[in-house]
Amino acid sequence: MNYKKDEVTNLLNTKCMNVFGCSIDDATEKQAYKTLCYVVKDLLAEKRSKFAKQYKEKEGKQVYYMSMEFLVGTSLRNNLYNLGMESVFKSALKQKKIDINSLYAMEPDAGLGNGGLGRLASCYMDAMTSLGMMGTGFSIRYEFGIFKQKIVDGWQMEFPDNWLEMGDVWLNRREDESFIIKFGGTLKEEWTDGKLKVTHENYQPVMAVPYDMYISGYDTDAVNKLVLWSAKSPNNLDMTAFSRGEYVRSLEENTMAEVISKILYPADDHIEGKRLRIKQQYLLVSASLQSILLKHIKKYKTLDNLPDKVAIHINDTHPALCVPELTRILIDEYGYDWDKAWDIVTRTLTYTNHTVMSEALERWPESLFSAELPRIYQIVLEINRRLVQKLNEVYPGDIAKIEYMSPVAHGEVRMANLCLAACHKVNGVSKLHSDILINSIFKDYYNIEPDKFTNVTNGIAYRRWLCQSNPELASLIKNLIGDKFVHDATALEGLLKYKGDKNVLESLQKIKLVKKQALAKYISHANGINVDPSSIFDVQIKRLHEYKRQLLNVLQILHMYNVIKDNPNADITPRTFVFAAKASAGYMMAKQIIRLISAVADLVDSDAAVRDKIKVVFIEDYKVSLAEIIIPAAEISEQISIAGKEASGTGNMKLMINGAVTLGTLDGANVEICEQVGKDNIFLFGMTAPEVEELWRKGYNPNFFVTPELKRVLDMLTSGILGTRFEDISKSLLTNSFGTADAYMTIADFESYRQAQERVGKEYLNRDKFTDMSLVNIAKAGIFSADRAVKEYADNIWNIKL
Ligand code: 7GP
């Protein structure tokens with residue numbers, strides 16, 4: 001968009017006057033922030049309306065991306081950048097003595113997600129828009145997003161995240177496009193004219209009210225929408241109860257309804273089978289599908305062509321109720337018979353799996369499911385009956401297999417099986433992960449319908465993670481290879497010709513130092529610790545989970561501590577270990593590990609012989625906007641999950657494109673990162689996925705893998721040297737009563753990790769060689785762009801021509 005400074009000033013003044021009754025000169029900082037957001041939102045609205053009109057005329061196919069999570073982060077800078085208007089706004093505001101950065105700093109993160117899965121959804125919205133696709137995201141307008149984390153005496157404490165206070169500036173409420181969602185109740189069945197009619201009675205109605213958030217893309221005519229549903233009681237107040245003086249009861253029903261969209265469940269890679277959660281899921285699915293179908297029928301006067309015009313994507317199993325709900329709407333509301341409805345359902349829906357962790361596979365007790373969603377339950381039973389009939393033909397008499405594949409069995413409804421049975425495409429999120437899906441957990445489905453399964457390796461919105469978070473690096477790259485990479489990330493390969501170029505390496509080092517200084521400043525402010533920007537910045541930032549093995553990292557730090565204690569002159573390259581991670585609120589072991597990290601940080605810091613060599617920092621409240629500060633400063637990217645468990649990882653890609661070198665196992669997308677950069681430009685260690693499997697098969701006893709160095713470290717967990725005795729952690733690693741100790745093979749991989757860390761320290765000393773590695777990582781990161789990933793979804797999964 002092309003606006004001059006004066007025009008921008010006018011826009012700001014008019015908006016400020018309209019909303020706050022004062023000119024921008026007299027606005028408070030909060031008013032200035034809101035004014036700026038409203039102006040940007042208006043610009044997006046204008047673009048959106050043009051885009052939607054053009055699109056309507058084309059009658060192309062569009063995608064609806066259903067996800068219980070979108071980890072949007074902040075939008076202001078991203079929108080201005082994408083509109084190409086950052087500098088004109090900056091200077092217009094500067095003229096009014098307002099620093100745009102201080103307005104950026106006021107924006108809260110929209111933390112409507114937990115971690116990788118939610119952030120991926122947001123990266124894909126960005127990419128769809130940048131590619132000019134018509135794509136709509138659907139989720140829930142949680143009043144409280146992912147909790148705010150504080151660390152008190154080493155313990156994680158959770159506090160509510162009231163993001164709407166300043167974050168609602170981006171939302172447009174569209175009350176008149178609300179839908180009623182029916183919970184509970186009973187079913188009445190009647191036969192009329194040889195047809196069974198099911199009526200849902202005595203249900204509790206809840207109104208789903210949509211709020212739109214515009215999603216911008218880079219240098220594109222497109223503006224897309226993320227639609228967030230909020231739950232509301234359809235009856236405002238029970239006036240009879242109110243007039244009888246029963247104020248509280250009169251409000252009760254409202255509160256019961258509204259609680260559905262109150263808060264995001266803070267669990268990732270595992271589930272909480274709670275009643276409220278299934279209600280959230282059904283609210284999302286039912287409201288979104290009702291809205292999609294209504295729009296479709298208005299435009300095309302039929303739903304027969306739904307699969308030709310619409311792809312509905314199920315982001316992990318959380319929105320898996322799309323399967324029975326779409327079937328229900330087609331049958332109950334639009335009069336389709338089963339076969340025709342099922343044909344439309346299967347050709348419209350697609351599904352991505354994001355984890356192989358068994359505790360994350362969603363299953364609902366049949367009793368809860370049928371009580372909350374009686375009609376949906378009935379449809380699920382019918383899907384199940386028909387499927388079992390079919391499977392009996394394919395696997396006659398193999399009851400165990402058929403049961404394993406069934407959506408309903410052993411008193412449970414299993415959401416993944418529902419998706420596998422209904423969706424015409426199913427994908428994993430990295431080559432290794434997709435292979436594991438077809439060779440193990442989804443093997444039986446793969447055997448009957450191999451063409452259904454495919455892979456799309458994850459990608460990131462790299463313009464946010466590189467160009468916006470690290471403008472210094474982006475501008476160096478522009479000077480070296482031009483700006484093609486801003487549209488096409490694979491152009492970054494052009495950097496390879498600067499391998500070994502002293503000047504370029506020096507510039508890269510300078511930029512890294514600037515970003516490390518910025519992070520050091522943040523740390524000093526947030527943690528009151530001074531870290532040395534010339535030390536290696538070694539970061540592990542991700543959700544806290546045992547499979548991700550933050551514990552392996554800490555144990556190795558304790559080992560380094562011992563090495564320095566034994567020999568204060570030991571040849572150790574100074575290192576700053578940075579951790580940031582939220583633990584799910586009820587996950588005790590994860591919380592203990594955070595406590596251990598804090599204890600190790602204190603131990604190291606209290607020791608004069610050690611603290612100049614190593615520093616350990618746990619930065620609290622990890623979130624998108626914090627990642628944007630940490631990632632550009634990182635030099636070592638810790639991706640150390642046990643092989644076979646991290647579906648892909650996306651932090652690994654963000655770190656790589658900022659020049660961090662991966663220290664990792666051959667897990668998830670690390671495998672493909674290694675393919676890209678070659679073994680010389682990554683620090684690999686540990687068992688491979690097949691080796692892990694083999695060791696489990698043979699029987700794993702961690703006690704056989706404890707080296708003398710490790711023994712010393714493990715003893716420290718319980719000796720009292722850390723202030724607290726970490727008995728639980730020690731037991732989880734070593735007590736092998738039922739062959740269950742060390743479920744993530746931290747001990748088996750320790751020695752190999754220790755050696756890899758030693759290599760890191762040594763190789764860093766040759767700064768030019770290390771920076772060369774860093775350069776190769778940046779150059780080879782292009783393939784991990786979300787633009788590439790979304791193109792693959794469009795081509796192979798959604799069947800959308802770009
Ligand atoms: C994550 C995976 O753990 C991570 O490896 C992957 O990169 C990311 O999804 C995006 O595909 N999974 C989750 O965040 C999650 O909650 C359980 O999965 C449903």
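All values below were derived from every heavy atom in this structure, side-chain atoms included, with hydrogens, water molecules and symmetry-related copies excluded. Residue numbers run from 1 in the order of the sequence given. If you're wondering where the values come from, they're calculated on a predicted model, not measured in any experiment. In listed order, ligands and their atoms are each counted from 1.
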With atoms numbered from 1 as shown, which atoms in ligand 1 lie under 4.0 angstrom from a non-hydrogen atom of [X]?
X      : answer
Asn458 : 6 (C), 7 (O), 10 (C), 11 (O)
Asp316 : 19 (C)
Tyr547 : 3 (O)
Ala647 : 5 (O)

*Please determine if Ser648 has a nitrogen or oxygen closer than 3.5 Å to a nitrogen or oxygen of ligand 1.*
yes
Verify the distance criterion only: is there a donor paired with an acceptor across the side chains of [X] and [Y] at less than 3.5 Å?
X      : Y      : answer
Asp109 : Ser625 : yes
Gln540 : Asn553 : yes
Ser637 : Gln639 : yes
Thr129 : Asn224 : yes

Closest protein heavy atom to [atom], given as residue, atom name and distance to 0.1 Å:
atom                    : answer
atom 12 (N) of ligand 1 : His354 O, 3.4 Å
atom 4 (C) of ligand 1  : Glu646 OE1, 3.3 Å
atom 16 (O) of ligand 1 : Asp269 N, 3.3 Å
atom 13 (C) of ligand 1 : Leu117 CB, 3.6 Å

Salt bridge between [X] and [Y], side-chain N to carboxylate O under 4.0 Å?
X      : Y      : value
Lys262 : Glu143 : yes
Arg275 : Glu372 : yes
Asp621 : Lys582 : yes

*Between Tyr65 and Trp798, what is the ring plane arrangement, given parallel below 30°, perpendicular above 60°, and tilted in between?*
perpendicular
For ligand 1, is there an atom lying under 4.0 Å from some heavy atom of [X]?
X      : result
Asn114 : no
Gly649 : yes
His318 : yes

